[in-house]
Amino acid sequence: MGSVISCLAAFVFVSSLFPSSSVSSVSSVVALLAQAPDEATRLLQEYVRLDTSNPPGDTRKTADFLAGVLEREGIPVTRYESEPGKAIVYGRLTATVSPPAGNAIVLLHHMDVVPADRAQWKTDPFTPTIRDNELWGRGAFDMKGQGVAQLMAFLMLKRQRVPLARDVILLAEPDEEVGGAAGARWMIANHYAELDPEYVIDEGGFGSREMFAPGKLVFGISVAEKKIVWLKIRAEGIAGHGSQPIEQNANDHLVNALQRLLAEPPGARNVPAKDSIVEIMRTRVGALAQNKFTNAIQRSTISLTWFTSGVGDPPKINVIPSIAEAGLDCRVLPGTTRDQWIADVRRRLGDPALKIEVVNESDDPIVTPQDTALYRNLESAILRRHPEAIVTPILIPYGTDSNAFRPKGVKSYGVFPAILPADAVAQMHGDAERMPLDAVAEAAQVLFDALRATVEQK
Ligand SMILES: [Zn+2]
């Protein structure tokens with residue numbers, strides 16, 4: 001009896017979610033809804049169990065796993081290998097109208113994860129463990145849980161035979177955690193014709209009651225990223241005996257310059273412009289919360305991440321070295337170029353003798369517009385579930401693969417459209433990484449809703 005009532009409730013719920021649903025019967029909807037959370041949990045357990053720590057970032061087993069899921073549904077799968085062990089999976093749902101109304105939508109996620117130090121974990125990082133309806137394990141959040149939500153939405157499009165006015169592609173890649181050269185960037189360089197999307201949906205934003213503005217439910221959809229500029233600063237001096245200090249001590253020069261650099265308050269170039277995404281966020285949500293995430297998106301930032309100095313291993317304490325180096329992880333707001341940024345760093349260091357080397361930089365940030373069909377459909381799918389929520393475009397402080405698509409003119413949105421507790425967000429790359437299972441099911445449903453609305457538009 002209980003099941004009849006819950007089935008009816010489920011159908012009313014589904015009807016309200018999909019008012020023009022093309023689902024053939026009540027029973028199939030109910031069956032689908034009943035199985036979805038269990039299926040998502042089972043898929044995530046299987047996915048997290050496959051260790052894709054990067055390095056070495058071997059994704060062949062996860063590629064087998066995802067290809068198996070897609071092939072069982074009758075979805076054509078193509079596999080690529082950018083380098084030995086770096087497998088890529090590509091599944092495609094083809095438009096049911098000809099010609100299609102627009103280019104494809106790509107659901108993009110990475111299969112690799114950052115390494116886990118087993119000694120620091122309370123659970124085994126590659127034995128998925130469910131506690132309090134959260135799945136613990138390396139990659140549960142970043143980004144296998146998000147990948148499973150995308151996969152479920154993709155499968156629902158196929159199972160419900162949603163008419164497609166354009167293609168939808170599921171793309172699972174290796175190598176994101178080390179820069180994406182053998183993943184997204186390799187696909188763009190070697191197989192762009194197979195993708196050529198109008199839109200990409202990737203990681204980036206999410207829903208939170210505390211991260212963006214205190215006490216307000218805010219869903220952030222990332223439309224741009226800060227630019228990565230990794231710098232090595234090198235001081236050269238003269239070696240000598242530690243008993244007799246000299247002016248040419250490379251360590252002294254480096255430490256004094258870094259102190260000047262870090263002590264100077266942010267300049268005009270380090271704060272967002274008036275028409276920037278951060279200003280749009282402030283207009284939408286009011287005062288931003290104060291935390292390291294919101295701090296990082298409001299200014300260009302520098303993290304001093306390493307020093308290398310000393311002679312010998314272990315370094316001799318009575319030898320003044322002739323060389324000292326430091327690493328700076330700089331994340332630069334959109335609108336500031338690499339050369340402008342380096343000139344600013346050089347001025348703040350205040351020592352023309354120091355050498356500055358660019359170790360790595362990302363593409364110049366491009367801001368994806370928000371006045372698009374997919375953005376509006378994501379927003380309305382979220383608001384249908386959470387009428388009190390504020391949906392806003394956001395800037396994210398870290399780099400993702402979707403940024404590699406923006407220079408091609410692709411509209412990339414980074415969003416996991418479910419509410420996440422702040423402590424779960426904080427454990428991304430941490431030793432208590434976990435994903436609320438309800439969030440995976442919710443995100444799958446919202447993504448499906450937004451995709452369906454977008455692919456049905458001719
Ligand atoms: Zn990630």
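Hydrogens, waters and symmetry mates are skipped; everything else that's a heavy atom, side chains included, is used. Counting convention: from 1, in listed order, for ligands and their atoms alike.
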Summary of salt bridge (Lys or Arg N to Asp or Glu O under 4.0 Å) pairs that have at least one residue in residues 395-418, sequence neighbours excluded: Arg185-Asp401, Glu198-Lys411

Partners passing side chain to side chain donor-acceptor pair (under 3.5 Å) against Asn295 (at least two apart in sequence or in another chain): Arg299

Ring-ring centroid check Tyr47 His109, cutoff 6.0 Å: yes

Sidechain N-carboxylate O distance under 4.0 Å for Asp423, Arg434: yes

Summary of salt bridge (Lys or Arg N to Asp or Glu O under 4.0 Å) pairs that have at least one residue in residues 207-222, sequence neighbours excluded: none

Metal environment of the Zn ion (ligand 1), protein N/O/S under 2.8 Å: His110 NE2, Asp142 OD1, Glu203 OE1, Glu203 OE2

Over 12 foreign heavy atoms within 6.0 Å of CD, Glu388: yes

